[in-house]
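What follows is a single structure, written as structure tokens, with notes after it.
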Amino acid sequence: MSTVRPTGRTFAAAALAIALAAGLAACASGDDTKAEAESSAGTVTVGAQAKGIAKPTELKVDKQQSIADEVPDAIKADGKLTIGLGALPTGFPPLAFVGDDDKTITGAEPDLGRLVAAVLGLKPEFNNDTWDNLFVGLDSGKNEVGFSNITDTEQRKEKYDFASYRQDNLGFAVKAGNTWNFDKNPENLAGLKVAVGAGTNQEKILVAWHDKLKAEGKNLEIKYFADTPSTFKALVSGQIDAYFGPNPGIAFQISQTQGTADAVRNAGVYSGAGESLQGLIAATTKKDNGLVKALADAINYLIQNGQYKQWLAAYNLDTEAVDTAQVNPPGLPKSNL
């Protein structure tokens, strides 16, 4: 998710976006959506085919029988772990995108799925869909687990179980040179045009701020775009004032555009769980399908044995580490915005 690259770094983000879009479109249906792990027995390579976004790292990961035994028979019967991703249409590097071979699904999220599958002794199989269809797949059983930057929320717990694995931090991106800062004060959003992804946790937070400002007689205009590249194009062209999205994606965009006419900066962060709770990203399963404890135990095995730290380091996500994976930890409360 190739063409000759234009000279200069000004066009780097645009060129990458074109390549990501083309690759992800090619992986949109049939077997092409099920890119499998590039691994051998006992070894998983994270950062493979990652367009230089990550450092390819071979990690030794053996099946842990005691943890594998926790997987429900109905799920392990076919020897596969079907993993849902919501990376269509263009991906969201560094978390999930199509690799430089134009077919391998790569990024921090699918790579963690590969590592967990290895601990469970299962073959990872990916279903790459739009964000909304990721959850449709979980509901139907097509996806046994979702690894796709999914925030643990109390509302989602009505339908899903969670095994946490990374801190959830959101950020505001603005064009470089724009002096506006969020300063963890929603009042500072008054009068702005802010883009957000539809159906996301950050949309829920932004809409709540919009409603609060409206009640005070102030305006916040929320904008939506088809994909992340379109959003950043709108940002640097002045169509919007800010973009509210996952902090890792903003950090990636900053690294790709630094020193160019398309440069952006981070104007403030906010916990994905609201003002009084650190948000968490979690592996997500259909509620009560019996898989969540095995997932948490597999992640904790990776934490305790060092592969987790190496996985984060490969994608420069060290600052989002957690000390332990938890089953259904406190998530974004319905009223904690």
Carboxylate-amine/guanidinium proximity below 4.0 Å for [X] and [Y]:
X    : Y    : answer
D161 : K287 : yes
E187 : K212 : yes
D62  : K60  : yes
R156 : E154 : no

Polar side chain donor-acceptor pair, [X] to [Y], under 3.5 angstrom:
X    : Y    : answer
T153 : Q155 : no
D168 : N149 : no
Y315 : D111 : yes
Q304 : N300 : no
E144 : T82  : yes
E203 : Y224 : yes
D101 : T104 : yes

From [atom1] ([X]) to [atom2] ([Y]), nearest 0.5 Å:
X    : Y    : atom1 : atom2 : value
F252 : F97  : CZ    : CZ    : 7.0 Å
L192 : K218 : CG    : NZ    : 12.0 Å
K309 : I303 : NZ    : CD1   : 12.5 Å
D262 : L235 : CG    : CG    : 10.0 Å
L112 : I299 : CG    : CD1   : 5.5 Å
F147 : L81  : CZ    : CG    : 7.0 Å

Looking only at heavy atoms, the pair that brings S271 and G279 closest together is OG-N, 2.7 Å
So which heavy atom on V116 is nearest to which on A298, and how close?
CG1-CB, 3.9 Å
Residue K157 excluded, over 12 heavy atoms near NZ under 6.0 Å:
yes
Do other residues, nucleotides or ligands put more than 12 heavy atoms under 6.0 Å from N185 CG?
yes
Can you confirm whether or not the ring centre of F172 sits under 6.0 Å from the ring centre of Y243?
no
Does the side chain of I67 come within less than 4.5 Å of L120's, by heavy atoms?
yes
Kindly determine whether R265 and N181 satisfy side chain to side chain contact (heavy atoms under 4.5 Å, CB included), including the steps that lead there.
CA-CA 10 Å; R265 71 174 185 88; N181 285 295; 3.2 Å; yes
Stepwise, does the side chain to side chain donor-acceptor pair (under 3.5 Å) test hold for S164 with D152?
CA-CA 8 Å; S164 59; D152 167 22; over 6 Å; no
Give the C-alpha distance, both sets of side-chain angles, the deciding distance and a yes or no for salt bridge (charged side-chain N to carboxylate O under 4.0 Å, His left out) between D288 and K159.
CA-CA 9 Å; D288 297 327; K159 295 180 65 176; over 6 Å; no
Pair E70, D297 - check side chain to side chain contact (heavy atoms under 4.5 Å, CB included), show working.
CA-CA 9 Å; E70 297 172 357; D297 287 346; 2.8 Å; yes
Clusters formed by hydrophobic residues whose side-chain heavy atoms approach within less than 4.5 Å: which one holds F162, and what are its other members?
W131, L134, F135, L138, I150, Y160
